[in-house]
Amino acid sequence: MMNPHLKMLLDNARRPQERLLRVMDGLSVDQLNARPAAKSAPSIKSIGWRVWHTAREQDLQIAALADTQALWTRDGWNKRFAFDLPDDTEDWRHTPAEAEKVVIRDAALLRDYLAASTQAVIDYLQQLPLADWG
């Protein structure tokens with residue numbers, strides 16, 4: 001039987017991916033990159049940026065906890081996305097101009113990076129010693 005704390009955390013790790021995939025379902029690449037109300041709300045970022053940001057933050061935070069290299073560079077996601085941004089970009093601090101450089105060219109690639117970063121969270125949680133769960 002799975003530890004109930006671990007079960008809850010694994011469920012919470014999967015939810016963002018499930019919800020973001022539902023948001024992305026049926027959207028074109030143009031729709032993923034659209035910035036709604038750009039003139040009246042310049043800090044609003046695209047759906048594509050938000051999905052990428054979620055994946056990127058999961059990737060960075062789990063890499064820091066696990067003391068490993070982020071998937072972004074280790075597995076070449078940075079090369080596949082080929083954004084005009086440095087590899088160590090702090091996406092949570094992106095200005096509107098920087099956020100505009102996050103251009104999604106392939107929705108499947110975005111879904112795959114989200115899946116990989118979510119799996120990294122799951123893998124990290126599952127390798128923690130049971131004694132750490134209280």
Side-chain angles (χ1 to χ4, degrees):
M1 183 169 170
M2 183 182 292
N3 179 298
H5 301 290
L6 176 59
K7 186 176 185 313
M8 178 192 66
L9 289 172
L10 291 173
D11 184 52
N12 286 333
R14 291 180 179 106
R15 282 185 194 165
Q17 180 184 16
E18 292 167 1
R19 290 181 178 152
L20 291 170
L21 290 175
R22 275 199 309 265
V23 168
M24 289 178 63
D25 189 36
L27 293 181
S28 69
V29 171
D30 288 340
Q31 290 168 318
L32 283 173
N33 290 307
R35 290 182 51 224
K39 290 184 181 178
S40 62
S43 68
I44 293 177
K45 296 169 176 82
S46 70
I47 291 170
W49 183 93
R50 296 218 177 265
V51 174
W52 171 77
H53 166 72
T54 300
R56 179 84 166 120
E57 286 303 311
Q58 288 181 151
D59 181 7
L60 287 172
Q61 291 174 29
I62 290 301
L65 286 170
D67 196 28
T68 61
Q69 186 178 2
L71 301 173
W72 183 249
T73 50
R74 186 192 77 199
D75 294 349
W77 294 101
N78 58 335
K79 304 288 188 234
R80 287 180 262 177
F81 279 94
F83 298 146
D84 184 22
L85 291 164
D87 287 338
D88 64 349
T89 185
E90 293 182 344
D91 49 295
W92 59 275
R93 293 180 137 176
H94 276 176
T95 65
E98 289 168 320
E100 285 181 20
K101 292 180 178 186
V102 175
V103 177
I104 305 304
R105 292 173 183 83
D106 181 350
L109 180 65
L110 183 58
R111 285 190 296 272
D112 290 348
Y113 181 48
L114 178 62
S117 69
T118 299
Q119 190 61 51
V121 173
I122 291 166
D123 292 347
Y124 178 77
L125 291 172
Q126 290 179 325
Q127 62 82 39
L128 293 174
L130 285 177
D132 292 349
W133 294 103

So which atom in [X] and which in [Y] form the shortest heavy-atom distance, rounded to 0.1 Å?
X	Y	answer
Leu110	Phe81	CA-CZ, 3.8 Å
Ser46	Arg35	N-CG, 4.0 Å
Ile62	Val121	CG1-CG2, 3.4 Å
Leu71	Arg74	CD2-NH2, 2.9 Å

* Asn33 side chain vs Val29 backbone, donor-acceptor pair below 3.5 Å -> yes
* To do: Describe, in one word, how the ring planes of Trp52 and Phe83 are oriented to each other, choosing from parallel (under 30°), tilted (30 to 60°) and perpendicular (over 60°).
  => perpendicular
With hydrophobic residues grouped by side-chain heavy-atom distances under 4.5 Å, do [X] and [Y] end up in a single group?
X	Y	answer
Tyr124	Trp72	no
Val51	Leu109	yes
Leu85	Tyr113	yes

Approximate separation, where rounding is to 0.5 Å, of [X] [atom1] and [Y] [atom2]:
X	Y	atom1	atom2	value
Gln58	Ile122	CD	CD1	8.5 Å
Thr68	Asp59	OG1	CG	8.0 Å
Leu32	Arg50	CG	CZ	13.5 Å

Could you list the donor-acceptor pairs under 3.5 angstrom formed by side chains in residues 9-24, with sequence neighbours left out?
residue: Asp11; atom: OD2; partner: Arg15; partner atom: NE; Å: 3.1
residue: Asp11; atom: OD2; partner: Arg15; partner atom: NH2; Å: 2.5
residue: Asn12; atom: OD1; partner: Arg15; partner atom: NH1; Å: 3.3
residue: Asn12; atom: ND2; partner: Met8; partner atom: O; Å: 3.4

* Structure fact -> Residues passing the side chain to side chain contact (heavy atoms under 4.5 Å, CB included) test with Glu57, sequence neighbours excluded, are His53, Leu60, Gln61, Asp91, Trp92
* **Set of residues satisfying side chain to side chain contact (heavy atoms under 4.5 Å, CB included) with respect to Ala97, sequence neighbours excluded** => Thr95
* Structure fact -> Residue set satisfying side chain to side chain donor-acceptor pair (under 3.5 Å) with Asp123, at least two apart, ordered chain then number -> Gln119
* Residues which pass side chain to side chain donor-acceptor pair (under 3.5 Å) with Trp49, listed by chain and number, not counting sequence neighbours -> His94
* Asked: If you look only at pairs with a residue in residues 77-86, which of them pass as a side chain to side chain donor-acceptor pair (under 3.5 Å), with sequence neighbours excluded?
  -> Asn78-Asp87
